[in-house]
Amino acid sequence: MDYGWRVYHPNPRKPKFRAPAGAVDAHCHVFGPGDKFPYAPQRKYTPCDGPKEKLWMLRDHLGLSRNVIVQATCHGADNRALVDALLDSNGMARGVATVTRDITDEQLQELHAAGVRGVRFNFVKRLVDKLPFDSLEEISRKIAPLGWHIVIYFEASELPELYDFFALLPTDVVVDHMGRPDVSKPVDGEEFGLFLKLLGENPNFWCKVSCPERLSLLENVGYGDVIPFARTVVERFPDRVLWGTDWPHPNMTSHTPDEGDLADFIPHIALSQELQQKLLVDNPMRLYWPEEVEQ
Ligand code: 0GY
């Protein structure tokens, strides 16, 4: 079947980088399988199936221990595939759901019991129809008492318009993929500067230094043009950064990422063992498994 994008790598190589014990893949997805968990009628793309068993195999292959599974738009606000994976994970996966404003406290409690710890607001125009701010505000108010956070996904060009809305969000906020910078622009330029300002002015903001494979404009692997952006964020905000594979990489048309390459990107952006420990273990544990962390 032609999905309009590439299916995930069938045989990723073993990375040279050895992740510290207990490392977390803090951004990945499960898709379907579609015959059991149908894709949303309003989806903008149809993914290949990315079942939980494959995700667990990838986790083990990369030497990682845990996953944070993020609800993707192709499943809309139907979180059944996500919940199914969380319940299968023996507590080694936590989740970020998509919910609508009419969600009840009881439904939120059920998601919490399954391991959900956040909701995602997606502002990427090719992925979703625009949601009114008052609906997102209502969801924010409902999830805040649970101690959940909000994951936001947007393009850098949209940040000026969204900045004030983001800054008023009442919970911790996690930004996907560094706010999708245009890496042809300077790292110390105006566009990325605004993103760094968002992180700098708001201590409740966290950042995923993920998706070099989406952001890079280079033909060859290594994603060298993304390194200065990710390294800057890791070094300025070492206690508020997360990393993830983004498996199974929906909507990738340029190339099929090898997750071995993605893991080997880590020592280029987190240079010391201390930074790697924070990025891969201490930070995601504090956000997603706080009950296992001495505060
Ligand atoms: C990602 C990126 C993408 C897709 C989604 O929810 C989604 O469908 O997030 C994208 O196409 O850039 O993080 O998976």
Side-chain angles (χ1 to χ4, degrees), residues 3-9 24-32 34 37-52 54-55 58 67-83 85 93-100 116 118-131 136 139 149-159 162 173-183 195 206-217 223 226 229-230 241-257 259 262 265 284:
Y3 298 102
W5 53 281
R6 290 157 189 255
V7 176
Y8 57 87
H9 203 289
V24 182
D25 175 352
H27 186 96
C28 50
H29 309 287
V30 286
F31 292 154
F37 302 112
Y39 298 110
Q42 74 277 18
R43 68 189 181 278
K44 305 288 186 197
Y45 64 92
T46 298
C48 66
D49 286 340
K52 56 184 186 278
K54 295 268 185 202
L55 183 59
L58 178 70
N67 297 91
V68 179
I69 304 174
V70 177
Q71 177 78 351
T73 55
C74 55
H75 273 302
D78 177 351
N79 297 292
R80 280 177 296 168
L82 168 66
V83 165
R94 289 265 146 101
V96 174
T98 297
V99 304
T100 50
V116 171
V119 290
R120 192 178 194 210
F121 294 167
N122 199 320
F123 299 89
V124 177
K125 287 179 178 150
R126 70 185 154 79
L127 294 174
V128 282
D129 297 327
K130 203 171 172 180
L131 273 179
L136 301 178
I139 293 168
H149 60 268
I150 296 168
V151 173
I152 52 177
Y153 188 27
F154 59 92
E155 307 267 2
S157 55
E158 309 282 333
L159 182 56
L162 293 166
V173 178
V174 180
V175 182
D176 278 342
H177 317 332
M178 297 184 282
R180 288 198 65 116
D182 176 348
V183 299
F195 179 64
W206 299 56
C207 177
K208 289 180 199 160
V209 285
S210 45
C211 271
E213 74 283 10
R214 279 183 203 285
L215 302 174
S216 180
L217 303 169
Y223 312 125
V226 186
F229 292 81
V241 283
L242 306 166
W243 172 87
T245 57
D246 194 34
W247 186 89
H249 318 286
N251 302 308
M252 279 295 298
T253 49
S254 57
H255 67 290
T256 303
E259 289 83 9
L262 296 174
F265 181 71

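Whatever order the structure lists them in is the order used to number ligands and atoms, beginning at 1. Just the heavy atoms: all of them, side chains too, but no hydrogens, waters or symmetry mates, feed the values below.
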Under a 4.0 Å N-O cut-off, is there an ion pair linking [X] with [Y]?
| X | Y | value |
| --- | --- | --- |
| Glu158 | Lys125 | yes |
| Lys208 | Asp246 | no |
| Lys54 | Asp49 | no |

Legend entry - Shell of residues surrounding ligand 1, defined by a 4.0 angstrom heavy-atom cut-off that is strict: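 Around ligand 1, where the cutoff is 4.0 Å for heavy atoms, the contacting residues are His27, His29, Tyr45, Ala72, Thr73, Arg120, Asn122, Arg126, Leu127, Tyr153, His177, Arg180, Arg214, Asp246, Pro250, Asn251.
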
Legend entry - Interatomic spacing from OG1 in Thr245 to CZ in Phe265 - rounded to 0.5 Å: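 That separation rounds to 13.5 Å.
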
Inset, instruction - Using distance alone, with no hydrogens and no angle criterion, decide if Arg180 and Tyr153 have a side-chain donor and acceptor under 3.5 Å apart. - result: yes

Legend entry - side chain to side chain contact (heavy atoms under 4.5 Å, CB included) involving Thr100 - partner list, sequence neighbours excluded: Ala77, Asp102

